[in-house]
Structure formats: structure tokens, C-alpha cells
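The chains referred to below are lettered A, B, ... by the order of the sequence lines, with proteins before strands, and numbering in each begins at 1.
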Protein chains: 2
Amino acid sequence: MTVRQDVHSAGIPVLCQSCEARHRGVCGALDPDQLVGLAKISSKHTIEPGVELIGDAETVDSYSNVLSGVVKLTKSLSDGRQQIVGLQFAPDFLGRPFKVESAINAEAATAVSLCSFPRASIERMMRESPELEHRLLKQTLNELDEARDWMVTLGRKTAAEKVASFLDPTLDPATNATSFELPLTRADIADFLGLTIETVSRQLTRLRTDGLIRIENNRHVTVTSLTRLAGRSGA
Amino acid sequence: MTVRQDVHSAGIPVLCQSCEARHRGVCGALDPDQLVGLAKISSKHTIEPGVELIGDAETVDSYSNVLSGVVKLTKSLSDGRQQIVGLQFAPDFLGRPFKVESAINAEAATAVSLCSFPRASIERMMRESPELEHRLLKQTLNELDEARDWMVTLGRKTAAEKVASFLDPTLDPATNATSFELPLTRADIADFLGLTIETVSRQLTRLRTDGLIRIENNRHVTVTSLTRLAGRSGA
DNA sequence: CCAATGCCTTGATTTCGGTCAAAGCCCTTG
DNA sequence: CAAGGGCTTTGACCGAAATCAAGGCATTGG
């Protein structure tokens, strides 16, 4: 898992008047004249954890920037088995251009704030501004790289390696912080890694008893031996 | 797995003089004037199965269109465990724009023919032609959709469902053909599905003894009961 | 304060798929 | 034709993770 805070950092920060938030999402790709128009049609939303943002096979009529919080993208089989196929952080763009029907579910994993734009406006701007498409291409390529790394984890790693792979990139190497809040419940981590809750729980206790991590309040994790943890993430 | 023959079909067919092949790959996105230039710098290559096209952590100096055959994209762990993370068919674009180092391996799974372009030329054209970027965005979004479906298979399906999921979309619904050549060896199918060769083999024999498929010469598969097969692919 | 609820942990048992080992089949090559 | 090698199949066994089942520990609300 990767907490992206640096993507799009080249974008121009913009005040979306209607959502009253400075952010660097999709707006940042546009030139100031266009931005004024976009600002007027955008709207800010605050969303509780657990709320469904986009339903499977549902028509999508808007795109959003994630301003804060974590959005999980999931896919389910008919019998209820579920797999998380993506996590989106600020300032990611949320939505699938060029397709009216969504094939995935998007749900707030934590409290989430979004800045939304009507579908038609974004699509018009995409036609008019190659910069916007360029930015979108870059995000999509990054998501594809991420998905492919993840496929190795899902297909070829053991439960221990999977859990370590989940914890490992969650630590931000930039801030050098070894302590953080898990953005997901055990159930979500299980759906992320293709495991059961019980296996996730057991692996975390094992890391705890082996002295590699400390866990407080079920959510706050401190990694005490990063090198040894990295060794378990499967190179 | 999806055999894509229809992507980019909106592209203008172009004669790449130097590779002497009419194809609809990346060229199709460009206007005729640009195409003349591109044709002059492109070159056609025919590649034997098993040959490595792009090595992990290798600098990539060219992009290609797949003209025929199947290219497998793989990622490996340090101890040799391997996962196929993508398959590319004609007329897919092969290469990762905006990144000099490749994080994946590309290898010819069958005999492959490619039309290659120097990296610099494509990047220049990408800056000049929004059409090219648009086409690339669309392919990337499709690959991302594919990767996410695949993640459900890797993370949540049983061995039987995985093998059925592999066979199912291989049948082209357009041609209604229930008979086809497997483009991959058992080992490749295993690396595709996150299984071992033995498990793949056992699942195929089971489908055979259950009368759902017939296999000739190890490679030629005929699906005799499509509906029952679909039921095993996990909805 | 005491249920009640949601989330997490722990234990006992089962099972699916992996591992190890041996053979079969097909195609090439001498 | 025989030998060899690559790929595939099959069998016996094992083990990692799933399943089934309790129980713990917070927070919430009557």
C-alpha cells in the first residue's frame, strides 16, 4: 500500500470557491481561466466512513478529487467474496473516464472529503485541455504500476509476507515516521490482501510477539525493526 | 484473460514502410504527415518464443507495437517466484512512458512480431500530438480495468475458478468460437493465476473428465459446455 | 451500571493447494 | 529407430491458511 501525498505536486494550487478548499487535484492541470469556470461548478462533500460513493454497475455522473481521507475501491463476486482493488488518497482523481458504467464499488474507508465536478464538465475540459489528459494518464500509469505490484503480492506471497507488504510502504520514507494509524480495519486489510480476518490478526500478533511492531488501540502501529520487517515482505 | 483484437480499431491503418506491415497500433493515432516521419524510423522485428524483450531494472530505449503473437509481462521476487502481471496482444502498445527504468520483464510467450520506435521519437510525438496521448490513456485505462478484475481472481478465487476464469474470456464471444489454441504453457498459466503447474494440470484434467472441455495436443482446447464452465469462473 | 454491539484475538480442526517424486507423451535429432 | 529433452500428468503426502467456534475488549446507549 502506498500513501501518495506527492503525486500531482507540480499542479498549481487552486481555490475552488464553491468548495472553499485549496487543493491540488485535477484543477491543478488547468490554466487559470479554465479554473474559474471549474471552481464555480465544483462542490465539496464530507462523507462518513462506510458510505458508498459509487456502486457497482451504477451510472456515474460526476468525477471527484479526494481532498482527505481514504477511499477504497472494491470488487465482489456474487457470493459476497470481496477484493479491494485500489485505495485512493488525496489528491487522487476518482472516477473512470470514457465509461459511463462503473464496474467497481467505491466506499469511504475513513471520513472522506471530496471535491466533485459534473461528468460533462470534466469531459469537455478533457477534450479542450491536453494538460488535463496528460495528468490523468500519469495517474493511471501509476495506478497500473501499483496494481501490478499488488498482483505479485496476491498471487505469490505468503500470509506473513502479505501483511508485511501492507505495513512496509505505509511507512512514509520521506518523514521517516515508523509510527502511524492503520487506515483500514482488519476486515479491510484482509480484503486488500486476499486473506481472512483471522489470518491477518494472527500475523499481526506474530509480528508483535516477535518484537517487530507495537500496536496500540488496535489501530496505531509502531514499527520497531524496519529492516527485519522488510525482510518479510518478500524482497 | 482477454484477447484484444478490437482496441484501437478507430485508428487509421498505416503502412510503416520500414517494417513493411500494415498495422493499427500507435501510428494510427497520428495524422498522415507525422506518420510518414514515424514510418521512416520504425523497424520491424520478429522474435522467438522465450526471448526477453525488456529486462527488469533495464533502461528502455524504445517503444513497440505488438503486430502479432503474445507478450507476457512478469514480475519476480528475489527467490524466483514469478507472477505474470499482463499479457499483450496485437495491436497493443508495449512500453511504459515517463519512466526510463522498467520495473517489469517483457518476454515473448509465442513467436512475436513487433514494430519498434526510438524512445525519443515517441516522446516528442506524444508532446506534439494529444491524439496519441488520448489513445495511450485509453489503453492504460483498459489495462487497469483488466488488472483489477485479475486481482479478484488472484485474491479471492479457488484454483478451479481461477482456471475457469482463464479459459472463459479466452473464447472470443464475437466469433463464437469455442475452440482455440492456448497461448501459454502450463507453467505460464500457473504464473498467470498464482498457482503451481501441478494444480493447473489437475484442474484441466478435472474439467476434461467432467466433460466441460476437450484437449488435443496439450494446447488445443475445445469448450463443450460453456454455461457450466462459466458457473465455475466465480460469477 | 449493565446490556448490547462491533471489532479483534485465540484456539481447534479441516481442507485446499503446494511439494516431492515418478512416469508418460511428444517432438526433435542423430 | 533409438535416445534425449521439454512439457505434462498423476500420485502420495504435507502444511499453510481457511473454517468453525469462543471469548475479550472497547464504546454506546438505555
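- Nucleic acid contact for A:T185: sugar-phosphate only, since backbone atoms but no base atoms lie under 4.0 Å from a heavy atom of the residue.
- Inspection of the A:D191 and A:Q83 side chains reveals no N or O donor paired with an N or O acceptor under 3.5 Å.
- Side-chain atoms of B:S165 and B:S233 include no donor-acceptor pair closer than 3.5 Å.
- Taking side-chain N and O atoms only, A:T196 has no distance below 4.0 Å to OP1 or OP2 of D:dA17.
- Atom CG of B:D191 is separated from atom P of D:dT8 by 12 Å (rounded to the nearest Å).
- B:R219 has its CZ atom 16 Å from the C1' atom of D:dT9, to the nearest Å.
- At the heavy-atom level, B:G50 lies nowhere under 4.0 Å from the strands shown.
- Going from atom CD1 of B:I215 over to atom P of C:dC26 covers 13 Å, rounded to whole Å.
- Remark: B:S201 is in phosphate contact with D:dT9, judged by side-chain N or O atoms under 4.0 Å from OP1 or OP2.
- Counting only N and O atoms by type, the side chains of B:S62 and B:S116 include no donor and acceptor under 3.5 Å apart.
- Using a 4.0 Å heavy-atom cutoff across all strands shown, B:I197 reaches no nucleic acid atom at all.
- Straight-line distance from the CG atom of A:N217 to the C1' atom of C:dC7: 13 Å, rounded to whole Å.
- Taking only side-chain nitrogens and oxygens, B:R186 never comes nearer than 4.0 Å to OP1 or OP2 of D:dC7.
- B:R156 has its CZ atom 17 Å from the P atom of C:dC16, to the nearest Å.
- Judged by distance alone, with hydrogens and angles left aside, B:Q203 brings no side-chain donor or acceptor close enough to the base of C:dC16 to form a pair under 3.5 Å.
- Nearer to the 5' terminus of DNA chain C, by closest-nucleotide assignment, is the contact made by A:T199 (compared with the other of A:T199 and B:A160).
- The distance between atom CZ of A:R208 and atom C1' of C:dC8, rounded to the nearest whole Å, is 10 Å.
- B:N218 places its CG atom 11 Å from the P atom of D:dC7, with the value rounded to the nearest Å.
- More than 12 heavy atoms of other residues, nucleotides or ligands sit less than 6.0 Å from atom CZ of A:R81.
- If you check every strand for non-hydrogen atoms under 4.0 Å, A:L195 touches sugar and phosphate atoms only.
- The separation between A:E161 atom CD and D:dA16 atom P is 12 Å, rounded to whole Å.
- For the residue pair B:S179 / B:T222, a side-chain donor-acceptor distance below 3.5 Å is found, with atom types taken as modelled.
- Applying the 4.0 Å criterion to OP1 and OP2 of D:dT9, one finds that B:T205 has every side-chain N and O outside that range.
- The base of D:dT19 sits with one of its N or O atoms less than 3.5 Å from a complementary donor or acceptor on the side chain of A:R202.
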